[in-house]
Amino acid sequence: MAQLDKLIDRLQMNQEILLESGKNPMLKTDAGAKPMLNQQLSAQQLIPLVQEIAPMGIRAAIAQRKSSRFEYTFGGKTVVVLYAPEGDNVTAKIAIPGYDEEAAAPGAAGAPRPAAPGAEPEVNGLLRKMFQMGASDLHITSNHRPLIRLHGDMQELADQPAITPERMNALIGGIMLPHNASQFEDIHDTDFAYEIADLARFRVNVFLDRFGMGAVFRTIPMEIVTAEKLGLSKEVLDLCFLSKGLVLVTGPTGSGKSTTLCALVDYINRHRKDHIITIEDPIEFVHQRKNCLINQREVHVHTKSFANALRAALREDPDIVLVGEMRDLETIAIAIETAETGHLVFGTLHTTTAASTVDRIIDQFPADRQSQIRTMLASSLKGVLSQTLCKKIGGGRVAAMEVLFVNSAVSNLIREGKIYQIPSVMQTAKGQGMTLLNESLFRYVVDKQVAPEEAYIKAIDKQGFVTMLKSKGITINLAGLGD
């Protein structure tokens with residue numbers, strides 16, 4: 001269901017829906033005009049709304065800001081859509097055929113013309129400032145000054161005033177799409193992507209807390225970070241050439257999973273000739289076609305759920321499927337089945353080690369199904385990349401990565417339920433490219449890229465990590481551990 005369908009469903013003969021950037025959607029009748037939504041839509045919001053109901057051949061023209069006319073049918077009702085850009089503004093008018101289209105046409109005599117080009121959304125100023133400072137996140141909360149996350153640390157923007165609840169509503173309400181606004185009203189949380197042309201895309205989470213509305217913006221660079229720039233090993237890149245199987249990238253929130261997955265998809269896009277389907281919430285990195293056809297679908301916009309889209313993907317002739325988040329039992333089960341039926345599936349989980357990832361997947365299932373899932377996972381799981389971001393000495397951050405490849409030994413351990421033995425196999429299989437998290441952290445400390453204290457905080461097996469540091473005569477200045 002397209003996002004404009006709810007508005008179109010209310011349209012009657014001799015009525016017109018008027019969509020103008022910077023204004024509320026209006027329903028024009030003989031009695032006058034009244035708002036259809038209590039929300040102003042920006043040009044960046046209107047364009048994808050109109051594209052969603054346009055025929056494929058017209059969508060490109062809309063994106064290029066070219067005037068367009070087309071028909072659209074929903075629920076047995078056919079409407080005419082007239083789209084016209086003027087400067088920084090866009091206008092779309094929707095009416096049932098038989099209405100005076102010429103009079104309704106944007107810019108026609110007697111019809112209201114688009115307003116003069118206005119200023120961009122106010123929140124863009126904060127986002128530009130954040131981007132110029134090199135921060136990864138912008139945090140805005142009612143009754144607080146804006147904060148940014150710079151090189152992993154939170155930092156207040158002292159030159160900005162505290163944001164009142166009223167201003168917060170204006171900042172965020174001006175960029176939310178109608179379905180996000182509706183979702184926020186229902187559950188007080190929503191996620192979406194927002195883009196400033198020629199600057200960056202941002203992943204946005206809007207929430208409600210005791211102060212009022214708040215939001216977090218995560219920077220998604222326009223330029224895709226390649227696998228080569230990330231320094232991914234040859235063994236990891238070899239996963240991109242598998243014909244089938246399940247590859248998982250795991251780690252806590254903000255650990256760079258999306259960047260790593262993006263680099264792997266980009267590597268496939270450059271080195272294979274296949275069909276890739278991504279299922280994301282929201283779409284973060286935008287991939288251009290190189291050697292592969294890439295269809296990127298956004299949950300709640302292009303599909304109802306991860307599970308629905310993943311189930312439908314089996315009928316869409318994919319070679320590679322990327323599942324942005326394996327949140328629930330149904331999604332995990334379908335992902336494993338998809339990997340078993342001859343597709344390469346990439347997915348993410350919020351686990352911290354390779355072994356805990358295997359445990360998490362199996363534990364999602366009822367006890368009477370776990371034996372079957374162990375068998376399926378033993379044959380379908382091909383690799384797990386568990387990563388965490390560490391602050392670099394001198395600024396910036398670097399990903400410490402634990403790498404598991406499922407060879408015959410690991411496969412047998414999964415099948416037999418001896419997951420606790422996987423780290424031992426990884427230690428003896430370094431020649432195959434496997435790496436434990438402690439070894440990755442230790443290497444960064446020895447190379448003086450990461451401070452020992454920072455690496456210790458990120459380590460899971462802390463006692464084992466301290467032993468490794470002592471073997472090199474390295475001490476850490478944390479209470480009780482510096483002796």
For Arg272, is there an ion pair with Asp319 - N to carboxylate O distance below 4.0 angstrom? no
Other residues, nucleotides and ligands only: do more than 12 of their heavy atoms fall within 6.0 Å of CG on Asn38? no
Walk me through it: do Leu441 and Met468 pass the test side-chain contact (heavy atoms from CB on, under 4.5 Å)? CA-CA 10 Å; Leu441 291 168; Met468 294 175 73; over 6 Å; no
Are any of the side-chain nitrogens in Arg218 or Glu284 under 4.0 Å away from the carboxylate oxygens of its partner? no
Counting only N and O atoms by type, is there a donor-acceptor contact under 3.5 Å from the side chain of Lys244 to the main-chain atoms of Thr341? no
Testing Glu185, His300, Gln183 one by one against Thr190 for a side chain to side chain donor-acceptor pair (under 3.5 Å), which residue passes? Gln183
State whether the side chain of Asn269 and the backbone N or O of Val265 hold a donor-acceptor pair below 3.5 Å, judged by distance alone. no
For a side-chain contact (heavy atoms from CB on, under 4.5 Å) check, start with the C-alpha distance between Cys262 and His287, then their side-chain angles and the critical distance, and finish with the verdict. CA-CA 8 Å; Cys262 171; His287 294 273; 3.7 Å; yes
Are Thr219 and Phe202 side-chain neighbours, meaning at least one heavy-atom pair lies under 4.5 Å? yes
So, Thr348 side chain and Val249 main chain: donor-acceptor pair closer than 3.5 Å or not? no
Non-hydrogen atoms of Val450 and Ile393 that approach each other most closely: C-CD1, 3.8 Å
Less than 4.5 Å apart, any side-chain heavy atom of Leu237 and any of Lys234? no
Check the side chains of Tyr194 and Asn124 for a donor-acceptor pair under 3.5 angstrom, ignoring hydrogens and angles. yes
For a quick test of reading the model, state the closest non-hydrogen atom pair linking Ala355 to Ile419 and the distance between them. O-CG2, 3.4 Å
For Met401, is there any backbone N or O sitting under 3.5 Å from a side-chain donor or acceptor partner on Ser440? yes
Could you tell me which non-hydrogen atom of Ala200 sits nearest to which non-hydrogen atom of Ile220, and how far apart they are? CB-O, 3.8 Å
Decide whether Thr250 and Ser386 meet the rule of one side-chain donor and one side-chain acceptor closer than 3.5 Å. yes
Please determine, by modelled atom types, if Ser136 and Arg397 share a side-chain donor-acceptor pair under 3.5 angstrom. yes
Tell me yes or no: between the side chains of Gln44 and Glu195, is some donor less than 3.5 Å from an acceptor? no
Hey, is Arg270 close enough to Glu228 for a salt bridge, meaning N to O under 4.0 Å? yes
Quick check: does any side chain N or O of Gln45 sit under 3.5 Å from a backbone N or O of Ser42, one acting as donor and the other as acceptor? yes
Close side-chain approach of Arg297 and Glu316, heavy atoms under 4.5 Å: yes
If you compare all heavy atoms of Ala227 against all heavy atoms of Tyr267, which two are closest, and at what distance to 0.1 Å? CB-CD1, 4.1 Å
